[in-house]
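The structure under discussion appears below in the form of structure tokens.
Computed over heavy atoms, backbone and side chain alike; hydrogens, waters and symmetry mates excluded. Nothing here was measured: the structure is a model prediction, and the numbers come from that model. Every chain is numbered from 1, with letters handed out A, B, ... down the list of sequences.
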Amino acid sequence: MGSSVSHAGAPPPTPAAAPPTPIPVGLATALPPNTEVQGDGKGVSEKVDWLNLPCPVPFEEIQREALMSLKPELFEGLRFDFTKGLNQTFALSHSVFMGSMEVPSQSSDIIKVPTAHYEFGANFLDPKLMLIGRILTDGRLNARVKCDLTDNLTLKINAQLTNEPHFSQGMFNFDYKGQDFRSQIQIGNNAFYGANYIQSVSPHLYLGSEVFWLGHQRKSGIGFAARYNTDKMVTTGQIASTGIVALSYVQKVSEKVSLASEFMYNHMTRDVTSSFGYDYILRQCRLRGKLDSNGVVAAFLEERLNMGVNLLISAEIDHSKKDYKFGFGMTVGE
Amino acid sequence: MGSSVSHAAAPPPPPPSPSPSPSSVGLAAALPRKQDEKAEPEKVDWLNLPCPIPFEEIQREALMSLKPELFEGLRFDFTKGLNQRFSLSHSVFMGSMEVPSQASDTLKVPTAHYEFGANFLDPKLMLVGRVLTDGRLNARVKSDLTDNLTMKMNAQLTNEPHFSQGMFNFDYKGTDFRSQLQIGNNAFYGGNYIQSVSPHLSLGTEIFWLGHQRKSGIGFAARYNTDNMVATGQVASTGIVALSYVQKVSEKVSLASDFMYNHLTQDVTSSFGYDYILRQCRLRGRIDSNGAFAAFLEERLNMGVNFILSAEVDHRKKDYKFGFGMTVGE
């Protein structure tokens, strides 16, 4: 998410929410609708209503399209998800994962150990209140609350509790949505304070900035972000005082195909990564492929076998480290 | 295969032939045809008994149902026929292989290899060759010298010294018996003989001698089959007892079970499995007394294109192996 750029030097930032990826989401729902062209194509440019600019996307979702296309949830082994809706607002989910996870080793070899876990989850979704809880067999608990206090003010709470001491995290977010701006204040454990602000400056261009302060380590940082989008493309750029520059570009080539590319530079670790990917959204399946400058090739296929039954196939090959990860799975339920 | 029972204590026995499992093979092709029902019992023509199954294929049905080629990772096979007799095959495998470790943990390391193969198939002569990127070469020759005498050669060459193997087999097929003579490297000599004693029952025996280690052994095998079931038993002086039973429940379903006891290592394993052969797919599942479950699915997506899913869960060792792949070509 956008906010992770500035927090890269801090303790693990708020983990990105992991909702199941619905198939029909693409640029079509993200971009603003095509505004009508006046006057029979006479070449008269539209008049911009500078007092009535659209509300921008939230700051942490600036790179949303690029992330959805380029970072599918790749896995190795077997994954089985079952979601059961008890009524319109309440649903339970069961998720089983069995496969190999990498174990850090001293040599450059890659060692994997077979692991398995089961995750039980409950979701309560109301127009004004959303509660999500997940618990895993290794003792971790995730809880998320999103509550619309008023039409413009939203409260979000995010907590991750673990067995190990000092590894639990919690974060409070207060979001205020104005007419053409959004602002957010974040308070987290380990004395973490942050804020961000994003403003529409034109119908297509949004600019934003964020600051954060980490009490225990006496670190602070500031970052700036910009997002330019039209009907067919989205360009974002982010730069932060932690030494990270991130750029992304997504182009919607046709109804079914979009291409995305991303560039990330970390000044502290002198790490440069660039990736290029495609996203085919077809009727029965969604196929995402990615090629990286680290020599990584990945693909992720979600195929709809039946109403509510999806088959997943995930593949990742890292040619430079000679690491191969292949997995398949099934998702049942909405 | 049958001959591996007696050789269990010997250096690695000749590997079983890795023929691709065709979807339409089942008990139907192996069992003798059902004879017409008559009120009176049929007279057995004791001078005209059928020719028995080769000794190493005694447990063929049980092995095909219970031991599919499970794998972990990605597998892609492509077979291209150049003409009626000659075909080339390309096979890519990428995935995790287990590495032996001191602790009881299971460690896996990602590996990959590519295998190129060529097959020449004639009614009287069969040549199969495979070479892998890790330097191994497999070669097999099967030649029908006369109507009854067949010669087989099997060689596995590797980079590492003293690990290469070769074996010659001479098979003689009589009216109601088969006999085989084996000569291998490391001074390995073996012979086996199997005889039909009734239309449903075949009995066989084998002996082997290993020159370098001065080991020898003898084994006995029996196979009883009818239209719907096959039962086999094998005992060997190396201390191995192996029993198997396969029952054809219907046209599409057969159940198999297997029991193996090794007296020297006091190891007992029993497994039970099913084999569903449907029009578009073949699904084999198995449960083991070691707490291992396995399943193997081959689905025919298109003419010549098969999609494979392989899964193995070992609850006792907490080891999970999942793989998928695709096979293109005949």
Side-chain angles (χ1 to χ4, degrees), chain A residues 74-80 95-118 137-138 284-285 287 289 295-303 305-306 309-330, chain B residues 70-77 92-114 133-134 280-281 283 285 291-299 301-302 305-326:
Chain A
L74 301 167
F75 59 97
E76 175 171 17
L78 177 84
R79 200 179 108 184
F80 181 75
S95 176
V96 177
F97 171 76
M98 290 189 276
S100 307
M101 302 282 254
E102 271 189 48
V103 166
S105 73
Q106 296 85 346
S107 63
S108 65
D109 289 339
I110 300 175
I111 311 266
K112 300 185 187 181
V113 169
T115 57
H117 63 72
Y118 164 73
T137 42
D138 47 14
Q284 302 281 40
C285 75
L287 175 63
V296 176
V297 182
F300 192 82
L301 171 72
E302 291 159 276
E303 182 170 350
L305 299 178
N306 208 345
V309 179
N310 291 342
L311 172 75
L312 309 169
I313 296 186
S314 158
E316 185 183 357
I317 299 178
D318 191 340
H319 287 292
S320 57
K321 288 193 279 185
K322 301 260 189 293
D323 187 14
Y324 312 107
K325 293 186 179 141
F326 298 100
F328 64 90
M330 186 164 283
Chain B
L70 302 167
F71 60 97
E72 176 170 17
L74 177 85
R75 199 180 105 185
F76 180 75
D77 295 333
V92 177
F93 170 76
M94 292 189 274
S96 306
M97 302 283 254
E98 272 190 48
V99 168
S101 75
Q102 296 85 347
S104 65
D105 290 338
T106 316
L107 293 179
K108 301 185 188 183
V109 169
T111 56
H113 63 73
Y114 163 73
T133 43
D134 47 15
Q280 301 282 40
C281 75
L283 175 63
F293 289 77
F296 192 82
L297 171 74
E298 290 158 278
E299 181 169 350
L301 299 179
N302 207 346
V305 179
N306 288 343
F307 177 65
I308 302 174
L309 286 178
S310 158
E312 185 180 357
V313 174
D314 190 339
H315 287 293
R316 187 179 301 179
K317 289 192 278 185
K318 303 259 190 291
D319 187 14
Y320 313 107
K321 296 188 177 135
F322 298 101
F324 64 90
M326 185 162 285

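Residues forming a side chain to side chain contact (heavy atoms under 4.5 Å, CB included) with A:Val113 (at least two apart in sequence, or on another chain): A:Val103, B:Leu107.
Distance check: A:Phe300 CZ to A:Leu74 CG gives 6.5 Å after rounding to the nearest 0.5 Å. Atom-to-atom distance recorded for B:Phe322:CZ and B:Phe71:CZ is 12.5 Å, nearest 0.5 angstrom. Taking SG from A:Cys285 and CG from A:Leu305, the interatomic distance works out to 11.0 Å, rounded to the nearest 0.5 Å. To the nearest 0.5 angstrom, A:Leu311 atom CG is 9.5 Å from B:Phe324 atom CZ.
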Tell me, with the steps shown, if B:Phe93 and B:Leu74 meet side-chain contact (heavy atoms from CB on, under 4.5 Å). CA-CA 6 Å; B:Phe93 170 76; B:Leu74 177 85; over 6 Å; no
Across chain B and chain A, what donor-acceptor pairs are shorter than 3.5 angstrom?
residue  : atom : partner  : partner atom : Å
B:Lys108 : N    : A:Lys112 : O            : 2.9
B:Lys108 : O    : A:Lys112 : N            : 2.8

